[in-house]
Amino acid sequence: YTPVDNAKTSMRKAMTEEEAWELIDGIPKQAMIEAADEKKREQAYKEIMQKNDCDGWSRIIKTIYLKNQRRLSEGKRYTARDDTYLRAAEDFLFRELAAALNVDQAEIRRIIAGRIKA
């Protein structure tokens, strides 16, 4: 909860079901977050998280997921910093999508995976 006159917290309308499906279906076409180094990438993550935007959260998730897949194939582990941003972005986005689609938050990962692979 936040007071409506709070300038530090941005308020926006909740996502509709149609907007939720459009976002999910658009994930494969979304650009990854590009940054010259880890510090700049983290700064980009911070800025996106502060914007309170579902598209941004899904870009963070996609970027970190693909980066982690590459790291695992190279025999490397996830970075703790990436894991922190991944969890936060998933929590925010999955709650929003669950509300818009009227499903349990635990189902969102399965729904996204099914739509992307189809």
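Because only heavy atoms are used, hydrogens play no part in the values below, and waters and symmetry mates are left out as well, while side chains stay in. All residue numbers refer to positions in the sequence shown, counting from 1.
- Enclosure of atom CG in Asp37 by more than 12 non-hydrogen atoms of other residues, nucleotides or ligands within 6.0 angstrom is indicated.
- Of the inter-residue distances, the one linking Thr84 atom OG1 with Glu42 atom CD reads 9.0 Å to the nearest 0.5 angstrom.
- Of all the heavy atoms in Ala89 and Met49, the pair that sits closest is N-CE, 3.8 Å.
- Residue pairs that meet the ring pair (Phe, Tyr, Trp, His ring centres under 6.0 Å) test with at least one member in residues 60-85, sequence neighbours left out, are Tyr45-Tyr85.
- Legend: residues meeting salt bridge (charged side-chain N to carboxylate O under 4.0 Å, His left out) with Lys67, ordered by chain and number and at least two apart, are Glu38, Asp82.
- Going from atom OG1 of Thr63 over to atom CE of Met32 covers 4.5 Å, rounded to the nearest 0.5 Å.
- Within the structure, ring pair (Phe, Tyr, Trp, His ring centres under 6.0 Å) pairs that include any residue of residues 89-116 comprise Trp57-Phe92 (at least two apart or interchain).
- Screening residues 18-28 for salt bridge (charged side-chain N to carboxylate O under 4.0 Å, His left out) gives Asp25-Arg115 as the qualifying pairs, with residues at least two apart or on separate chains.
- Lys62 places a side-chain N or O within donor-acceptor distance of the main-chain N or O of Pro28, the cut-off being under 3.5 Å.
- Clustering ILVMFWY residues whenever any of their side-chain heavy atoms sit less than 4.5 angstrom apart, transitively, puts Val103 in the very cluster that holds Ile24.
- Linking ILVMFWY side-chain heavy atoms closer than 4.5 Å, directly or via other members, places Leu66 and Ile61 in two distinct hydrophobic clusters.
- Judged as a side chain to side chain contact (heavy atoms under 4.5 Å, CB included), and not counting sequence neighbours, the contacts of Glu74 are Arg70, Lys76.
- Sorted by first then second residue, the ring pair (Phe, Tyr, Trp, His ring centres under 6.0 Å) pairs that include residues 13-44, not counting sequence neighbours, number zero.
- To the nearest 0.5 Å, atom CD1 of residue Ile27 and atom CG of residue Leu93 are 7.0 Å apart.
- Listed by first and then second residue, the salt bridge (charged side-chain N to carboxylate O under 4.0 Å, His left out) pairs involving residues 84-106 are Arg12-Glu96, Asp83-Arg87, Glu90-Arg109, Asp91-Arg95 (not counting sequence neighbours).
- Evaluation of the salt bridge (charged side-chain N to carboxylate O under 4.0 Å, His left out) rule for Arg77 yields no partner, not counting sequence neighbours.
- Between atom CG of residue Leu97 and atom SG of residue Cys54 there is a gap of 6.5 Å, rounded to the nearest 0.5 Å.
- With sequence neighbours excluded, no residue satisfies side chain to side chain donor-acceptor pair (under 3.5 Å) with Glu34.
- Residues passing the side chain to side chain contact (heavy atoms under 4.5 Å, CB included) test with Ala44 are Ile33, sequence neighbours excluded.
- With values rounded to the nearest 0.5 angstrom, Lys46 atom NZ is found 15.0 Å from Lys51 atom NZ.
- Judged as a side chain to side chain contact (heavy atoms under 4.5 Å, CB included), and not counting sequence neighbours, the contacts of Ala35 are Lys40, Arg41.
- Met15 and Ala100 make their closest contact through O-CB, 3.4 Å (heavy atoms, listed as atom of the first residue, atom of the second, distance).
- Taking OG of Ser58 as the start and CD1 of Ile48 as the end, the distance is 9.5 Å to the nearest 0.5 Å.
- Remark: Arg81 CZ is loosely packed, at most 12 non-hydrogen atoms of other residues, nucleotides or ligands lying under 6.0 Å away.
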